[in-house]
Amino acid sequence: MKTGNVANPSRRKFIQGAAATAGSLVVAFNIPFTKDAGAQITTDEINAWVVVKPNDTVIVRIARSEMGQGSLTGLAQLVAEELECDWAKVTTEYPTPGQSLERKRPWGSFGTGGSQGIRGSQDYVRKGGAIARMMLVQAAADEWKVPVAECTVDKGIVSHATSKRSTSYGKVAAAAAKLTPPTDVKLKDPKEWKLAGKRLARLDTVDKTTGAQIYGMDLKLPGMLNAAVIDCPVFGGKVKNVDDAAALKMPGVKRVLRVGESAVVVVADTWWRAKTALDAVKIEWDEGPNAKASSAAFAEVLKAGLDAKDAVVGASIGDAPAALAGAVRKIEAVYSYPHQNHVCMETMNATVRYTPERCEVWVATQNGEAAHAATAEASGLAPNKCEVFKLHLGGGFGRRGATDYIRQAVAIAKQMPGIPVKMIWSREEDMAQGRFHPVTQCKLVAGLDDKGEITALHMRISGQSILAGLAPQSIRDGKDPVVFQGLNITGAETAIGYSFPNLLVDHAMRNPHVPPGFWRGVNLNQNAIYLESFIDEIAAATKQDPLALRRKLMSKHPKHLAVLEAVASRVGWDKPAPKGIFRGLAQTMGFGSYVAACAEISISGDGVLKIHRIVAATDCGHAVNPQQIEAQVEGSFVYGLSAALYQECTVKDGRIEQTNFHNYPSMRLADMPAVETIVMPSGGFWGGVGEPTIAVAAPAVLNAIFAATGKRIRDLPLKNHSLKA
Amino acid sequence: MQSRRTFVKAGVGIAVSVLVQPSAVLAQSDSLAAVVREYAGTALLREGRVKINIAPLVDNGNSVPIEVTVESPMTVADHVVGIALFNEKNPQRDVAQFTLGPHAGRARVATRIRLATTQKLVAVAKMSDGTCWTHAVDVLVTLAACIEE
Amino acid sequence: MARTLITVPSTARRDEVIEIRVLIQHPMETGYRRSSEGEMMARNLIRRFTCRFEEDGKAGNGVPVFSAMLYAAVSANPFLTFHARATASGAFVFSWDGDNGFSQSERTGIEVT
């Protein structure tokens with residue numbers, strides 16, 4: 001089946017000269033900048049969501065961004081389910097944010113983050129499909145002059161049994177397009193689903209495996225130049241002096257430019273030449289106020305925050321400090337979690353063509369509207385003079401929700417009007433200019449009574465706030481609610497799975513100069529490490545089985561407990577593990593879903609860790625594509641275990657020390673365990689899939705390591721620790 | 001039903017003014033309605049004459065250019081006395097209050113403001129004849145997508 | 001003294017309406033944020049801006065042209081554009097007042113023919 005595929009236009013000769021500024025309003029995936037596409041597609045639009053061609057091909061419009069998480073296919077399944085078309089004839093296309101603005105946002109939000117792609121869209125995309133179906137069937141009924149109630153539809157064929165007539169969607173599409181869309185729409189009960197809920201193959205897999213898939217970095221436009229850039233590696237620093245004499249003489253170099261006060265750019269005919277010349281530019285930096293900053297210094301500040309009097313409360317039950325003061329016994333531990341980089345396989349890039357009349361951007365972005373707004377702001381042109389063409393992402397994970405690299409590319413292209421300029425960051429630049437997962441420490445204190453029951457828990461988080469860094473105007477009363485993911489007392493989005501008679505979770509905000517961002521799983525990652533490890537510490541200190549203790553604490557949290565029980569049952573927790581194999585459990589709830597995992601590991605005499613098996617369970621309410629959910633769970637363990645085993649971003653002399661995959665490694669095939677996923681949607685809500693399970697990866701392994709060695713590891717990554725007996 | 005053909009207009013040369021969609025004067029939030037009412041006093045609030053000009057979508061919200069214009073001859077007999085700008089979802093409703101007079105010559109003010117999130121903005125213009133005019137717009141702050149959702 | 005950037009035409013015709021742009025360097029600290037050390041950063045705002053016109057040869061405080069009350073929602077380095085009718089030669093006097101006793105005044109002359 002045809003997939004959305006951005007073709008290389010120079011191979012297909014689609015560009016009709018330099019005046020291709022018109023930009024089609026309805027953008028077919030494979031011809032994003034040709035004048036023709038608009039006219040040919042719009043005549044077949046049933047509504048904003050569905051285009052039906054005379055040959056019965058169905059094009060589903062998708063507003064969110066596909067970044068490997070499979071939402072493109074999942075959303076198309078949801079629309080096609082209600083549309084009752086032939087799945088084999090379904091393909092997708094991305095409307096542009098410019099079209100969205102002009103049509104007053106018929107597709108809703110373009111933002112792809114927070115594991116919202118399916119759950120944030122499912123209601124209205126299904127309605128879009130249902131409305132289109134109703135119009136198509138009505139058109140057939142009108143043509144036959146029969147009551148619409150007597151018509152049925154299946155796989156795009158409308159039938160009228162009584163008169164033994166049938167027609168296909170393609171034949172009635174033009175007439176359907178003229179009808180008034182109905183407002184009273186009834187959606188199918190998920191129990192009736194025929195397409196949604198099925199393990200359908202993804203629409204984009206084939207192109208990815210054949211290499212036909214075009215990512216942002218692959219794009220080639222006629223007359224395009226390439227830009228390599230370096231921004232001051234110390235955040236807050238500036239360029240003091242630039243000597244570009246040697247670079248300007250190098251082959252292919254067109255310009256040496258500046259962006260803002262801190263970035264130097266070389267534009268050349270090829271990216272390699274631009275990068276080589278950039279390396280030859282002598283830059284003197286004024287490293288600014290953060291020149292001496294270091295992770296060691298941050299750690300001291302964060303440590304002090306653990307005992308600071310002033311902290312913002314995130315969750316409170318009873319009076320934990322008082323209960324702790326009077327506790328018979330206390331257990332205390334301090335944990336930490338480092339800065340992390342997203343390390344998308346495709347580094348940050350964007351292609352921009354600027355003229356004083358129009359600014360066009362081709363970019364892999366998680367938020368087309370944010371990219372559009374950023375383009376308008378950076379170019380100085382009104383939004384209706386700007387357009388963004390979304391390309392496939394070679395990884396997003398939250399990094400591509402930021403618009404910094406888009407603004408930078410626009411600022412470069414603005415200095416070279418009329419010429420398309422593709423800006424690509426080297427891996428080193430991408431490592432240095434991340435939007436980092438925030439650094440935190442956590443002090444946990446539990447109070448026990450004389451029977452060893454928990455009477456109180458105080459979790460003090462000390463560390464960086466993402467919102468304070470990105471959008472300080474959204475912080476009220478000094479509180480960043482995102483800090484408390486996984487630890488709220490109640491909530492449909494995220495809630496703690498344990499009952500404590502007294503609980504206090506508070507945050508002492510301490511913001512290092514490192515720019516923060518949303519990293520897959522966000523703060524659920526370290527909050528699950530902190531709490532799940534500590535629950536195991538309490539279990540060990542009170543000589544309880546970790547699952548038995550959890551069952552006691554989770555009796556009022558049936559959904560949290562259900563995923564944990566599913567994992568424990570699958571792994572055979574109540575039976576001894578094979579010799580040399582040790583197990584660890586973890587559970588959490590975030591991004592609307594309940595997740596749990598068990599890790600089975602072994603540690604060799606030399607202290608080499610081997611993770612043999614992960615069993616994970618997810619209750620995401622509804623499952624649109626179970627195969628894709630499993631793939632996302634597996635992927636989140638790749639991401640989470642890579643971080644737990646190998647990854648940290650440390651700062652020395654103001655700059656990030658990690659520069660490439662040799663000092664910021666990822667899991668290899670040999671490291672990766674088998675992951676068994678139990679998809680157990682309990683219905684009644686819509687939870688996210690992309691992120692929640694990443695949070696149980698590290699704590700399950702850490703708890704297994706304790707079971708194996710008796711060693712409690714409280715800071716990551718594991719490569720910093722010896723696991724030798 | 002929105003015509004399917006209306007959006008088939010390629011970018012160059014078509015002056016599609018894509019400004020924000022005006023919305024009802026009194027917004028959902030009670031406190032916004034209250035501050036608007038407090039500023040207007042007993043005067044009837046009418047839509048018109050005053051216009052907010054702001055980008056319909058904004059990336060970050062930390063520094064958003066905004067312009068407010070009021071149709072008025074700005075004579076001694078007939079002029080704008082004041083313009084107030086209010087928001088819906090920042091920690092505080094007030095944005096700014098401007099005092100003008102016949103010496104201002106033209107009732108057009110611009111500044112840069114902070115928007116915590118996607119929200120409504122309301123401008124209220126007080127005239128020398130005691131009448132009050134309003135305009136409300138919605139601004140989409142795309143960063144909010146990461147935070148709110 | 002905070003840096004200011006003031007744009008006023010140096011000459012104008014009588015009764016012409018001119019555009020005036022002013023910018024002053026100031027953090028406009030909202031009072032909602034915390035520092036990197038976790039301390040609440042106290043509110044520090046410019047609360048009020050006024051523009052008066054003092055005609056050459058006329059005594060007194062001048063005539064009010066435009067004033068603004070500013071709140072936390074105004075961005076850092078508050079920037080204002082407004083208009084004035086040029087009636088006679090003289091000077092525009094701009095004043096900013098705010099928290100922590102902040103007070104600053106600037107003057108720009110204009111010749112009106």
>> So does C:Pro78 get a backbone contact from the side chain of B:Thr111, meaning a donor-acceptor N/O pair under 3.5 Å?
In response: no

>> For the CZ atom of B:Arg112 and the CG atom of C:Leu23, what is their distance to the nearest 0.5 Å?
In response: 6.0 Å

>> Counting only non-hydrogen atoms closer than 4.5 Å, does B:Asn90 touch chain C with its backbone (N, CA, C, O), its side chain (CB onward), both, or neither?
In response: side chain

> C:Val65 and B:Ala104: which non-hydrogen atoms are nearest, and at how many Å?
Replying inline: O-CB, 3.8 Å

> Can C:Tyr71 and B:Gln97 be said to form a side-chain contact (heavy atoms from CB on, under 4.5 Å), step by step?
Replying inline: CA-CA 9 Å; C:Tyr71 298 82; B:Gln97 282 187 26; 4.1 Å; yes

>> Out of B:Val109, B:Leu85, B:Leu115, B:Val95, return the one with the most heavy atom pairs under 4.5 angstrom to chain C.
In response: B:Val95

>> If I measure from the heavy atoms of chain B, does C:Ile20 come under 4.5 Å with its side chain, its backbone, both, or neither?
In response: neither

> Is a side-chain donor or acceptor of B:Arg114 paired with a backbone partner of C:Val74 at a separation under 3.5 angstrom?
Replying inline: yes

> Should we count CD of C:Glu111 as having more than 12 external heavy atoms under 6.0 Å?
Replying inline: no

>> Counting only non-hydrogen atoms closer than 4.5 Å, does C:Pro64 touch chain B with its backbone (N, CA, C, O), its side chain (CB onward), both, or neither?
In response: backbone

>> If you count every heavy atom of other residues, nucleotides or ligands that lies below 6.0 Å from B:Glu38 atom CD, does the total exceed 12?
In response: no

> Is any side-chain heavy atom of C:Val17 closer than 4.5 Å to a side-chain heavy atom of B:Arg108?
Replying inline: no

> To the nearest 0.5 Å, what is the distance between OG1 (B:Thr75) and CZ (C:Arg85)?
Replying inline: 8.0 Å

> Do B:Phe98 and C:Phe66 make the cut of ring centroids closer than 6.0 angstrom?
Replying inline: yes

> Of all of C:Ala68, C:Ser67, C:Ala84, which one pairs up most often with chain B through heavy atoms under 4.5 Å apart?
Replying inline: C:Ser67

> So which part of C:Val63 gets closer than 4.5 Å to some heavy atom of chain B, the side chain, the backbone, both or neither?
Replying inline: side chain

> Which distance, rounded to the nearest 0.5 Å, do you find between the OG1 of C:Thr87 and the NE2 of B:His103?
Replying inline: 7.5 Å

> Rounded to the nearest 0.5 Å, what separation is found between the CG atom of B:Asp94 and the CE atom of C:Met69?
Replying inline: 7.5 Å

>> Need one label for C:Ala86: side chain, backbone, both or neither, based on atoms under 4.5 Å from any heavy atom in chain B.
In response: neither

> What part of B:Pro65 gets closer than 4.5 Å to chain C, counting heavy atoms only: side chain, backbone, both or neither?
Replying inline: neither

>> On a heavy-atom basis, which atom in C:Ser75 and which in B:Ser63 lie closest, and how many Å separate them?
In response: OG-CA, 3.2 Å

